[in-house]
Amino acid sequence: MYRRKISNITISTHKQENLYFAAGFSENGKLIRISHPQTILEDAISEISEHHPKYSMSNENNGIVKEIACMYFGENIDFDLTLLETDINSEYETSTIKTSFEQDVILEVAKIPYGTVKTYKDIAESINTHGYRAVGTAVGKNPFPIVVPCHRVIRSDGGLGGFRGGIDVKINLLTNEGIKIKSGKIID
DNA sequence: GATTGACGCCGAG
DNA sequence: CTCGGCGTCAATC
């Protein structure tokens with residue numbers, strides 16, 4: 001059904017406070033994937049190269065990666081979302097946004113404001129489905145962690161839910177935004 | 001088909 | 001409080 005498009009990408013990195021961040025950019029300059037913060041540079045790069053084996057390193061987009069790092073540390077940056085490749089019909093591979101359902105979920109999560117949270121159920125209702133679990137699965141495929149704030153999506157019972165980069169990263173992100181957590185639950 | 005998810009809800013202990 | 005069972009739906013085998 002789908003072919004793996006082998007297009008050249010570039011990877012840019014940034015180090016901040018002993019954490020490495022990496023991001024992949026397609027030939028048209030759009031972001032196609034962001035790594036989670038890693039303590040080892042190679043791990044950050046691998047998160048991108050696993051999905052896009054044909055890559056070369058470049059520093060032309062280091063500034064954008066730096067912005068992402070700042071967002072991780074709690075800065076409320078008005079990131080330019082048009083930089084994200086979210087078009088499922090693009091000639092450039094996005095690798096984990098392949099269906100319109102996944103696209104709907106990612107675009108809905110992208111709207112969650114800084115310092116607030118929504119539940120998987122909220123997201124499901126916004127896109128008119130009862131497939132709560134399917135929403136969770138799609139959120140888990142978010143290729144743009146931090147920028148598309150999947151860390152702001154929690155369970156209806158106040159539980160944190162999961163996070164691909166490790167639950168500790170989700171906790172850090174939320175607390176940096178001023179959200180209070182006590183024994184694994186969000187406090188209203 | 002059957003299974004598996006970063007889920008949600010309700011009811012029984 | 002925890003657990004199990006069922007609802008629900010997209011992706012994957």
Side-chain angles (χ1 to χ4, degrees), chain A residues 1-6 19 21-24 31-39 43-44 46-48 50-53 68 71-74 79 81 84-90 92-188:
Chain A
M1 155 69 181
Y2 79 87
R3 68 201 181 284
R4 186 156 187 73
K5 291 180 200 164
I6 307 293
L19 287 176
F21 298 80
L31 257 169
I32 51 175
R33 184 156 216 101
I34 298 171
S35 79
H36 296 275
Q38 298 285 170
T39 53
D43 289 344
S46 296
E47 278 194 51
I48 313 299
E50 276 174 9
H51 295 267
H52 304 93
I68 295 165
M71 292 172 79
Y72 170 76
F73 288 107
F79 195 89
L81 295 176
L84 306 181
E85 181 59 85
T86 54
D87 182 1
I88 56 176
N89 296 317
S90 167
Y92 299 101
E93 168 172 50
T94 313
S95 79
T96 48
I97 308 179
K98 298 198 290 278
T99 66
S100 62
F101 178 82
E102 290 163 347
Q103 184 183 38
D104 289 347
V105 171
I106 295 300
L107 292 179
E108 199 60 38
V109 173
K111 297 179 188 168
I112 307 175
Y114 182 93
T116 68
V117 294
K118 278 195 176 180
T119 67
Y120 296 99
K121 183 186 180 185
D122 291 335
I123 301 296
E125 286 176 347
S126 298
I127 63 171
N128 299 311
T129 177
H130 298 283
Y132 313 113
R133 303 191 72 163
V135 167
T137 303
V139 173
K141 291 185 185 175
N142 175 23
F144 311 115
I146 303 170
V147 169
V148 172
C150 55
H151 58 283
R152 297 181 191 140
V153 187
I154 62 167
R155 295 170 43 149
S156 292
D157 63 4
L160 291 177
F163 195 74
R164 291 201 82 77
I167 193 62
D168 291 346
V169 175
K170 187 168 185 171
I171 292 170
N172 285 339
L173 282 159
L174 291 171
T175 45
N176 286 343
E177 295 186 17
I179 290 166
K180 299 274 182 275
I181 300 169
K182 189 164 190 175
S183 56
K185 290 214 168 193
I186 302 289
I187 303 167
D188 266 337

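These values consider heavy atoms only, across backbone and side chains, with no hydrogens, waters or symmetry-generated copies. Letters A, B, ... are given to chains in the order of the sequence lines, protein chains preceding strands, and every chain is numbered from 1.
- Side-chain N/O atoms of A/T99 include one lying less than 4.0 angstrom from OP1 or OP2 on C/dA11.
- Rounded to an integer number of Å, the gap from A/E125 CD to C/dC9 P is 13 Å.
- The distance between the ring centers of A/F163 and A/H36 falls below 6.0 angstrom.
- Spacing between B/dG5 and C/dT8 at atom C1', rounded to whole Å, works out to 12 Å.
- The nucleotide whose nearest atom lies closest to any side-chain atom of A/E102 is, among C/dT12, C/dA11, B/dC7, C/dA11.
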Test side chain to side chain donor-acceptor pair (under 3.5 Å) applied to A/Y72 and A/N176, step by step | CA-CA 8 Å; A/Y72 170 76; A/N176 286 343; 5.7 Å; no
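- Between A/D122 and A/V153 there is no side-chain heavy-atom pair separated by less than 4.5 Å.
- Rounded to an integer number of Å, the gap from A/R133 CZ to C/dA10 P is 14 Å.
- Map A/Y132 and A/T137 each onto its nearest nucleotide of DNA chain C; the residue landing nearer the 5' end is A/Y132.
- Across the protein-nucleic acid pair, A/I106 atom CD1 and C/dA10 atom P stand 16 Å apart, rounded to whole Å.
- Among the nucleotides B/dC7, B/dA6, C/dC9, the one closest to the side chain of A/T129 is C/dC9.
- With B/dA6, C/dT12, B/dC9 as the candidates, the nucleotide lying closest to the side chain of A/K141 is C/dT12.
- Residue A/G131 is the one, among A/G131 and A/K121, whose nearest nucleotide of DNA chain B lies closer to the 5' end (criterion: closest heavy atom).
- Rounded to an integer number of Å, the gap from A/D122 CG to B/dA6 C1' is 15 Å.
- In this entry B/dG1 has C/dC13 as its Watson-Crick or G-U wobble partner, both defining distances falling under 3.5 Å.
- Side-chain atoms of A/Y120 lie closest to B/dA6 of the nucleotides B/dA6, C/dT8, B/dC9.
- The pairing partner recorded for C/dT8 is none, the criterion being a Watson-Crick or G-U wobble arrangement whose two distances lie under 3.5 angstrom.
- For the pair A/Y132 and A/I123, the minimum side-chain heavy-atom distance is 4.5 Å or more.
- A straight line from CZ of A/R155 to C1' of B/dG5 spans 12 Å, rounded to a whole angstrom.
- Rounding to whole angstrom units, CD1 of residue A/I154 and C1' of B/dG8 are separated by 13 Å.
- Backbone-only engagement by A/F101 is indicated by non-hydrogen atom pairs under 4.0 Å involving sugar-phosphate atoms exclusively.
- When the P atom of C/dA11 is taken as reference, atom CD1 of A/I88 falls 10 Å away, rounded to whole Å.
- In this structure, the nucleotide among C/dC9, C/dA11, B/dA6 sitting nearest to the side chain of A/F163 is B/dA6.
- We find that CZ of A/R152 is positioned 21 Å from P of B/dA6, with the value rounded to whole Å.
- If you take OG on A/S156 and OH on A/Y120, they are separated by 10.0 Å, rounding to the nearest 0.5 Å.
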